[in-house]
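Here is the structure we will look at.
Sequence lines set the chain letters: A, B, ... in the order given, protein chains first and strands last, and positions in each chain run from 1. Please read all numbers here as calculations on a predicted model, not as lab measurements.
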There are 2 protein chains.
Amino acid sequence: MNSARRVTTQDIAEAAGVTSGTVSRALRGDPVVSRATRERIQEIARRLNYQPNLSARALRTGRSGTLALACSTGPWVLHHPYFSRLGSGFMTAAAEEGQRVTVYTPPAATAFPVSVEDQEWPREMSNGLVDGCAVYQSHRLSQESLRFLLDSRLYVVLLNTDVDVPGFFQLRSGSDERIRESLRWAAELGARSAAVLGLPERMTTVNQGLRAGMEAPPRGLDVRFEEIRHYEPDEPKAVVEALDRIHAARPGALVLNSDAHLALLRAGRREGRWSREPAVFHHRPADAEANVLDREVHYLVADLLEGGRKAYGMIRRAQKGEPASSESLQWKRAEG
Amino acid sequence: MNSARRVTTQDIAEAAGVTSGTVSRALRGDPVVSRATRERIQEIARRLNYQPNLSARALRTGRSGTLALACSTGPWVLHHPYFSRLGSGFMTAAAEEGQRVTVYTPPAATAFPVSVEDQEWPREMSNGLVDGCAVYQSHRLSQESLRFLLDSRLYVVLLNTDVDVPGFFQLRSGSDERIRESLRWAAELGARSAAVLGLPERMTTVNQGLRAGMEAPPRGLDVRFEEIRHYEPDEPKAVVEALDRIHAARPGALVLNSDAHLALLRAGRREGRWSREPAVFHHRPADAEANVLDREVHYLVADLLEGGRKAYGMIRRAQKGEPASSESLQWKRAEG
DNA sequence: CTGTTAGCGCGTTCAA
DNA sequence: TTGAACGCGCTAACAG
């Protein structure tokens, strides 16, 4: 902590015997400045350790060089294995282009459905500090929040919706596609019946995708949907009950996502139950670690880092004038 | 994306029949403004959906209301189970007080030792957008980078150093303390000998802490240090070799951190090897998931969310004039 | 209690 | 090719 005054274009100007206007042009590499003075100015700037005041620049230009990464449901998203990777890819891509990323989150996990009072950031977003925005868990946003975003001068990408939201760029999680892929795989592996396990409806819209993916299952495969009701991470009862229901039906394959998988692991009831049946997981790579000891598991993997990168690219292309579009995460098979 | 002009204090002033100065005071709740006009102005601001331009405010006041979270080694930190939780706690605490958090990372994983060229952000940090800064993996920072931070007008907290860095606030990871605690525990559990497993020295300063913690072990406990050499996540050879060396010594307990634990799991060689011996892990809660199936594991847990919160608090107290200080993460025993 | 004024540091326009 | 001057939107010091 030092109280030395910051060095400004003025300081450089005086040192170089020019005006601040010339300094500004020189530092931005404007070829209209004579090469000699340009290089002299740049040299002085380096020597004085000049750092442009980006608040001033943002005020003047109306662009901050900063993007927002916002989440609607709570800060847990920031350390969630799925979302944190998505965010990591986003931030990496931003860092590569010298863009900054500011994270907005409600201070505590919000109740469902999310009311607009829980979400300060959609309004605050037009504070001049941010040029664009990617939103985690955007399916939780209220209509009002969406309207704020639409009315702002921001470019917005919605992440992990399964439904179309007109006017926004979207990176879709593609739950339906990966369910479909998992079921196809289960059929290839010889299963005659499969169960799809979901978390409680109120916790995830993934169930929508699950159900969509179950329509028109592969020929000869009998598919049923089972839900973990009232799931609490430390309360395995509902998980065990769901497992019991599934077990009674003795499906040849079990399809679930990583959250449900973790719920099973936490409930500690998997072992010995599925002696003969193949288990088919569609899931997320962050859990690869949890699966290291679990040889029977097959899964679908998405390159989430690449997904975050995609989201970033959508915003940047938008800034260059391209129309809103929607892309899907790509999922591929892997063996656990 | 909308191109409507943003509403300013001027607009409100005109609508209210006052000047922008009064508007500014009223909106900040300055009691010097008469209650009547204050409320009238606030009402108008709400109706017009006014959002203050924070770039302008930052330019004027010299404070941005934004903190930085920076990492020195690469963006992988952002989705690492340990660091992302620390960050989550930091951001949660910030969100509670309406502070913003901007993330700075080198765009790619940097080589060791980290050269200053790899680190744009320590210089860029004095760009006027940021009031203070917490640094992940600060032991990787070069002397030049540290000097930049010291010479800036920023309040800086270094995270996960085990050594004192004068002039900085520090949140220490306390490796030595948790090694000591793990060994004490191993002795209580009846072990006569223990092995401490570390990752390659060049990858972590934790080994310093490991070695420090091994000094003056509990009475009657024989402790040896073993290192995984040349560790690559997809190359289990070095891990297996380390395991073989340990196994040959047949210690009664094995002490390691979560990274080394994951290395073991990935190498897939744990099973059957430690049939009778207790395994003592000192490790990090993010790996609780990986341990769900692993009943023999004992571990130390840190509340990392609370740790991040602590780091945030240190910066805030610094801003209020408190002298630099150093705190440790608190570790407690748990059963896996 | 409120109005006036100045200036934070930068980028940009208009003259020279 | 460069200088002079202005203004982005806000806060703060001073005057009334």
Reckon [X] has a side-chain N or O less than 4.0 Å from the OP1 or OP2 of [N]?
{"X": "A:Thr37", "N": "D:dT1", "value": "no"}
{"X": "B:Ser20", "N": "D:dT11", "value": "no"}
{"X": "B:Thr22", "N": "C:dT2", "value": "no"}
{"X": "A:Tyr50", "N": "C:dC10", "value": "yes"}

### Task
May I ask you to list the residues of residues 51-67 of chain B, by number, that have any heavy atom positioned under 4.0 Å from an atom of DNA chain C?
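Close to the strand are B:Leu59, B:Arg60.
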
### Task
Check DNA chain C against residues 25-32 of chain A and give the residues with a non-hydrogen atom under 4.0 Å, in numerical order.
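Output list: A:Arg25, A:Arg28.
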
### Message
Any non-hydrogen side-chain atom of A:Phe169 less than 4.5 Å from a side-chain atom of A:Leu159?
### Response
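No, every pair of side-chain atoms sits at 4.5 Å or beyond.
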
#### Entry: Pairwise side-chain contact, A:Val135 with A:Arg140, heavy-atom cut-off 4.5 Å (strictly under)
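No, their side chains stay 4.5 Å or more apart.
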
#### Entry: Option among A:Glu97, A:Glu322, A:Glu96 that satisfies the salt bridge (charged side-chain N to carboxylate O under 4.0 Å, His left out) test with A:Arg316
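Running salt bridge (charged side-chain N to carboxylate O under 4.0 Å, His left out) over A:Glu97, A:Glu322, A:Glu96 with A:Arg316 returns exactly one hit, A:Glu97.
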
Is it true that a side-chain atom of [X] and a backbone atom of [Y] form a donor plus acceptor pair closer than 3.5 Å?
{"X": "A:Ser64", "Y": "A:Ala58", "result": "no"}
{"X": "A:Arg63", "Y": "A:Val130", "result": "no"}
{"X": "A:Asp164", "Y": "A:Pro166", "result": "no"}
{"X": "B:Arg40", "Y": "B:Ala16", "result": "yes"}

### Message
For a quick check of understanding: with a heavy-atom distance under 4.0 Å over all strands, which category does A:Thr8 fall into, base, sugar-phosphate or nothing?
### Response
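Sugar-phosphate, backbone atoms only, no base.
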
### Task
Select base, sugar-phosphate, or nothing to describe what B:Thr9 touches, counting heavy atoms under 4.0 Å on all strands.
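B:Thr9: backbone/sugar contact only, no base atoms under 4.0 Å.
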
Length of the line joining [X]:[atom1] and [N]:[atom2], which is rounded to integer Å:
{"X": "A:Ile12", "N": "C:dG11", "atom1": "CD1", "atom2": "C1'", "result": "14 Å"}
{"X": "A:Asn127", "N": "D:dC10", "atom1": "CG", "atom2": "C1'", "result": "14 Å"}
{"X": "B:Gln10", "N": "C:dT4", "atom1": "CD", "atom2": "C1'", "result": "12 Å"}

### Task
To the nearest 0.5 Å, tell me how far A:Glu306 CD sits from A:Leu304 CG.
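The CG atom of A:Leu304 is 10.5 Å from CD of A:Glu306, to the nearest 0.5 Å.
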
#### Entry: A:Thr73 side chain to A:Gln137 side chain, donor-acceptor N/O pair below 3.5 angstrom
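Yes - a donor-acceptor pair under 3.5 Å links their side chains.
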
